[in-house]
Protein chains: 2
Amino acid sequence: MSTTAPLRPRKAQIDRTATALFRARGFAATSMRELATALGLEAGSLYSHIKSKEEILHRVCFGLADSFFAGFAAATQEAAPVAAQLRQAIVAHVRVLTHDSAASAVFLHEWRHLSEPARSEFLALRDRYEGAFRALIARGVAAGELHTPDPAFAALTLLASLNWLPNWYRPEGKLSPDEIAHRLAEQLLSGLV
Amino acid sequence: MSTTAPLRPRKAQIDRTATALFRARGFAATSMRELATALGLEAGSLYSHIKSKEEILHRVCFGLADSFFAGFAAATQEAAPVAAQLRQAIVAHVRVLTHDSAASAVFLHEWRHLSEPARSEFLALRDRYEGAFRALIARGVAAGELHTPDPAFAALTLLASLNWLPNWYRPEGKLSPDEIAHRLAEQLLSGLV
DNA sequence: TAAGCCGGCTAACGCCCGTTAGCAAACGGC
DNA sequence: GCCGTTTGCTAACGGGCGTTAGCCGGCTTA
């Protein structure tokens, strides 16, 4: 858990606005002049607050990675049946996705515009997170609580389903984040028969 | 099924190379000069073959949409149990994804760089395709072959899992496309218990 | 009231972008 | 052997890009 120093409010606002633009148009297709206009500024003024365009992307991507790891750790630290831990991990994952779906979309799609070595570091984190799910499922299989021919495969499809959420989630929708999480868990753990 | 006129070979090669670059770097971050260099040309020469950068993206996105619809139609035209039809539709979808995973990745991620009205037309096609899966699942539920509280939800998670495939599929991997398709179908239809 | 930071401006830098115009070599079919 | 098509080149266009330098008003704190 890298301790993120509290951002000055203006800087946090820049991050939020940039995140929304990055999500809507993509990182490469969003210009600093567009971002400045959206904030009611001139382009040059942004550089009183940030060092570069990529710095924003870096903060968004790694900040969200921290959130995902924190959620997973909290969900799996109790001594509960593995299936219940997996359910909790799904809920935690969905909570992060829904709490800031714009940042999540950026996290999922725009990380490749990070330049090295940040890009490789990011991918390593992503692999580690996926590995944690894989290991959890494997423990469930070993304990006889879960059944799948291939835990890696299962982890892949599970996370893929969850990560599609930012594409259709609307905060004003009928289902609350936790209801969505439980339905997803139900669906993914029980299948369609 | 819009009949795609056969492309002249050079033009087809430009499309293929561009697709690979769009996938690796993203549409907006890929320059015509990069594309030309990858083909051993100068940037201006590209315009003897194509009208614009976006034209390439348009062809890739809509061409793949055609493939998906064709696969789905072939999979569901026989009078088989709905569950079997769904299995076949999954296999068809996976075949398209694996046959050209670069184009699939572009189809899935870069369509938003289409300008209007192409962008809206693309989204309408995508909705229609998703709707076809949803309807198929709903028919399965009505026939008592499938069980899910919410066919729309099920269609969403199913396609999400499948569409993650281009992110990890490697043609030289151990599993053949059809083996992957059957495992995915198994996983998604039966769950983890 | 002075000092110092915070937040913003204007102007400009060098560079890269997509695209066009005009020209020329190579080649296949009649 | 001619003609049209295909394929490519060079040079340049107007414009947008990320970023920097230098400046300044206004707020906070001593």
Side-chain angles (χ1 to χ4, degrees), chain A residues 4-61 106 109-119, chain B residues 4-61 106 109-119:
Chain A
T4 350
L7 296 183
R8 283 198 238 88
R10 199 55 166 151
K11 193 167 179 174
Q13 190 193 3
I14 291 175
D15 279 9
R16 276 199 311 277
T17 307
T19 300
L21 285 174
F22 291 170
R23 181 213 199 149
R25 308 197 212 297
F27 176 79
T30 302
S31 77
M32 296 305 273
R33 284 165 179 87
E34 276 180 308
L35 172 57
T37 300
L39 286 157
L41 298 179
E42 295 302 315
S45 310
L46 291 167
Y47 290 84
S48 301
H49 305 276
I50 61 165
K51 290 214 309 288
S52 71
K53 186 187 181 186
E54 185 174 340
E55 185 207 298
I56 305 176
L57 181 63
H58 188 283
R59 207 161 32 240
V60 173
C61 287
V106 171
H109 297 329
E110 307 298 331
W111 55 266
R112 54 208 187 119
H113 295 108
L114 292 168
S115 51
E116 295 295 349
R119 188 184 148 117
Chain B
T4 348
L7 296 183
R8 282 198 243 92
R10 200 52 166 149
K11 192 167 179 175
Q13 191 192 3
I14 290 175
D15 279 10
R16 277 199 310 277
T17 308
T19 300
L21 286 174
F22 291 169
R23 182 211 198 150
R25 308 198 211 296
F27 176 80
T30 302
S31 76
M32 295 305 272
R33 283 166 179 85
E34 274 180 310
L35 172 56
T37 299
L39 286 157
L41 298 179
E42 294 303 313
S45 311
L46 292 168
Y47 290 85
S48 302
H49 305 276
I50 60 165
K51 290 214 310 287
S52 71
K53 186 186 181 187
E54 185 175 339
E55 186 209 296
I56 305 176
L57 181 63
H58 189 283
R59 209 163 28 241
V60 173
C61 288
V106 171
H109 296 330
E110 307 298 331
W111 55 268
R112 53 207 185 119
H113 295 108
L114 292 168
S115 51
E116 296 294 350
R119 187 184 148 118

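Each chain gets a letter, A, B and so on, in the order the sequences are listed, and its residues count up from 1. Computed from a predicted model, the values in this text were never measured in an experiment.
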Checking the side chain of A:E110 only, and the main-chain atoms of A:R23 only, is there a donor and an acceptor separated by less than 3.5 Å? no
A:K53 side chain to A:T30 backbone, donor-acceptor under 3.5 Å: yes
Let me know the distance between CD1 of B:I50 and C1' of C:dT20, rounded to the nearest Å. 13 Å
DNA chain C contacts among residues 35-46 of chain B, heavy-atom distance under 4.0 Å: B:G44
Atom pairs, protein N/O to nucleotides 13-17 of chain D N/O, distance under 3.5 Å:
| residue | atom | partner | partner atom | Å |
| --- | --- | --- | --- | --- |
| D:dC17 | OP1 | A:S31 | OG | 3.1 |

Does A:K51 reach the main-chain N or O of A:I56 with its side chain, forming a donor-acceptor pair under 3.5 Å? no
Nearest whole angstrom, please: distance from the P of C:dC6 to the CD1 of A:I14. 14 Å
Side chains of A:R16 and A:Q13 only: does a donor on one sit below 3.5 Å from an acceptor on the other? no
Side-chain touch B:L41/B:M32, heavy atoms, less than 4.5 angstrom: no
Please tell me which of the listed nucleotides, D:dG18, D:dT7, C:dG8, lies nearest to the side chain of A:H49? C:dG8
Does any non-hydrogen side-chain atom of A:R112 lie less than 4.5 Å from one of B:R25? no
Between CZ of A:F27 and OG1 of A:T19, what distance do you get to the nearest 0.5 Å? 11.0 Å
Taking B:E54 for its side chain and B:S115 for its backbone only, find out whether a donor-acceptor pair lies under 3.5 Å. yes
Looking only at side-chain N and O atoms, does A:Y47 come under 4.0 Å of OP1 or OP2 in D:dT20? no
Separation of atom CZ in B:R10 from atom C1' in D:dT5, rounded to whole Å: 16 Å
